[in-house]
Engineer: 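I'd like to ask some things about the structure below.
Start at 1 and go down the list; that is how both ligands and their atoms are numbered. Side-chain atoms are counted along with the backbone in the values below, which use heavy atoms only and exclude waters and symmetry mates.
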Amino acid sequence: MELWYAPTSPFARKVRVAAHELGLSGKLTLVEIDPWTDEHLRVINPLSKVPTLALEGGTTLFESDVICDYLDALCGRRLHPVDGPERWRALLLQSLADGAMTAMGRLFADERNSPDRPPTAMQERFHAAREATLDRLESERLRADPLIGEIGVAVFLGYLDFRWPDRDWRSGRPTLTRWFERFEARPSMTSTQHTLPQSSM
Ligand SMILES: N[C@@H](CCC(=O)N[C@@H](CS)C(=O)NCC(=O)O)C(=O)O
């Protein structure tokens, strides 16, 4: 299977972390691409977004939640409980993390494009989403052995540290801080850290 990815993409990292947790990393051939500038990806994904998973036989899967679900199905559903409250909790946490990562991706792009401008109303909304998400996560009982929700949360927090290393999300959130400290030491996290692409170095 080919995983088309960008090293800065939190959604691609989520898939890589999930694959690692499932013991599937060795089955993924990584194809690095810049989805903004390289039109090759559009041939297999009309949206030209990473992550995209190209399966043998020509099928292509995209959207990180769909790809994670597919990988998990190959392994007997260890990250997505099949029913009950645990299932909805895992899916909700994943959606919360995905929504926060979408907001943070847009915030990062906005801030980079206009670094000296005061925050727009939309940027203020992204800040509010980040703070409220972090507060909500502080009050969640996050598991040490992860389901897909915890993987999403860890990748969201890792993305904050990658893009805004000087902005402190930890203060006032001791429970989340402790949980993430342990989680980011997992091999699935240490082996998938964000890096800047060669072109921007
Ligand atoms: N909802 C999608 C989001 C994927 C996404 O937005 N990827 C970004 C990189 S982080 C991308 O490829 N952007 C290119 C574009 O939007 O054209 C998912 O879960 O996979």
Side-chain angles (χ1 to χ4, degrees), residues 1-22 24-25 28-55 59-74 79-80 87-114 122-123 125-127 129-130 133 137 146-165 167 188-189 192-201:
M1 298 179 276
E2 278 182 353
L3 180 69
W4 293 53
Y5 85 110
T8 53
S9 165
F11 298 98
R13 188 180 190 199
K14 185 176 62 158
V15 169
R16 295 178 65 203
V17 172
H20 197 291
E21 292 290 341
L22 291 166
L24 287 178
S25 314
L28 296 182
T29 303
L30 296 178
V31 180
E32 184 176 337
I33 189 159
D34 181 343
W36 298 101
T37 58
D38 187 334
E39 281 295 303
H40 282 95
L41 181 55
R42 207 176 296 283
V43 176
I44 58 168
N45 176 352
L47 303 175
S48 185
K49 286 192 184 213
V50 290
T52 295
L53 187 69
L55 303 176
T59 304
T60 302
L61 298 177
F62 40 86
E63 293 294 312
S64 59
D65 53 352
V66 175
I67 298 173
C68 289
D69 200 9
Y70 174 79
L71 296 177
D72 198 21
L74 295 180
L79 302 179
H80 299 72
R87 172 173 176 76
W88 307 117
R89 182 174 177 280
L91 294 183
L92 185 66
L93 265 187
Q94 175 179 219
S95 296
L96 179 62
D98 282 359
M101 293 191 301
T102 299
M104 291 306 95
R106 290 185 56 187
L107 181 63
F108 178 76
D110 277 8
E111 288 182 352
R112 184 176 51 186
N113 293 339
S114 315
M122 188 53 86
Q123 285 172 325
R125 244 182 116 67
F126 295 146
H127 285 293
R130 181 195 58 225
T133 299
L137 293 174
L147 296 172
I148 194 62
E150 279 79 14
I151 291 175
V153 169
V155 169
F156 161 57
L157 298 176
Y159 187 69
L160 292 182
D161 284 345
F162 170 58
R163 287 307 197 193
W164 295 276
R167 263 183 232 172
S188 60
M189 293 291 284
T192 58
Q193 295 200 24
H194 289 297
T195 54
L196 292 173
Q198 292 300 328
S199 52
S200 68
M201 291 178 117

Engineer: Got the closest protein heavy atom to atom 16 (O) of ligand 1, with its distance?
Structural biologist: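 For this ligand atom, the closest protein heavy atom is Lys49 CE, 3.4 Å.
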Engineer: Distance-only, no hydrogens or angles: does the Arg125 side chain make a donor-acceptor pair with backbone N or O of Ala103 under 3.5 Å?
Structural biologist: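 No.
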Engineer: Looking at Gly105 and Tyr159, what are the two nearest heavy atoms and their distance?
Structural biologist: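 Closest approach of Gly105 to Tyr159, heavy atoms only: CA-OH, 3.9 Å.
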Engineer: Nearest protein heavy-atom contact for atom 18 (C) of ligand 1: which residue, which atom, what distance?
Structural biologist: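 Of every protein heavy atom, Ser64 N, 3.3 Å lies nearest to atom 18 (C) of ligand 1.
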Engineer: With no hydrogens and no angle check, is any side-chain donor or acceptor of Asp34 less than 3.5 Å from a backbone partner on Asp38?
Structural biologist: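 Side chain of Asp34 to backbone of Asp38, a donor-acceptor pair under 3.5 Å: no, none is there.
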Engineer: Could you measure the distance from the CG atom of Leu61 to the OG1 atom of Thr52? Nearest 0.5 Å is fine.
Structural biologist: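 It is 9.0 Å, given to the nearest 0.5 Å.
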Engineer: Look at atom 17 (O) of ligand 1 and find which of Trp4, Phe11, Trp36 reaches it with the closest heavy atom.
Structural biologist: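 Residue with the shortest heavy-atom distance to the ligand atom: Trp36.
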Engineer: What is the closest protein heavy atom to atom 7 (N) of ligand 1, and at what distance does it sit?
Structural biologist: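 Heavy-atom neighbour on the protein nearest atom 7 (N) of ligand 1: Val50 O, 2.9 Å.
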Engineer: Distance-only, no hydrogens or angles: does the Asp72 side chain make a donor-acceptor pair with backbone N or O of His80 under 3.5 Å?
Structural biologist: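 Yes, the answer is positive, given that a donor and an acceptor are paired below the 3.5 Å cut-off.
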Engineer: Among all protein non-hydrogen atoms, which one is nearest to atom 10 (S) of ligand 1, and what is the separation to 0.1 Å?
Structural biologist: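 For atom 10 (S) of ligand 1, the nearest protein heavy atom comes out as Ser9 OG, 3.2 Å.
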Engineer: For Pro51 and ligand 1, answer yes if some heavy atom of the residue is under 4.0 Å from a ligand atom, otherwise no.
Structural biologist: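 Per 4.0 Å heavy-atom rule, Pro51 contacts ligand 1.
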Engineer: Return the residue, atom name and 0.1 Å-rounded distance of the protein heavy atom closest to atom 1 (N) of ligand 1.
Structural biologist: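 Residue, atom and distance for the closest contact: Glu63 OE1, 2.7 Å.
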Engineer: Should the heavy atoms of other residues, nucleotides or ligands under 6.0 Å from NE2 of His127 be counted, would the total exceed 12?
Structural biologist: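 Yes, enclosed.
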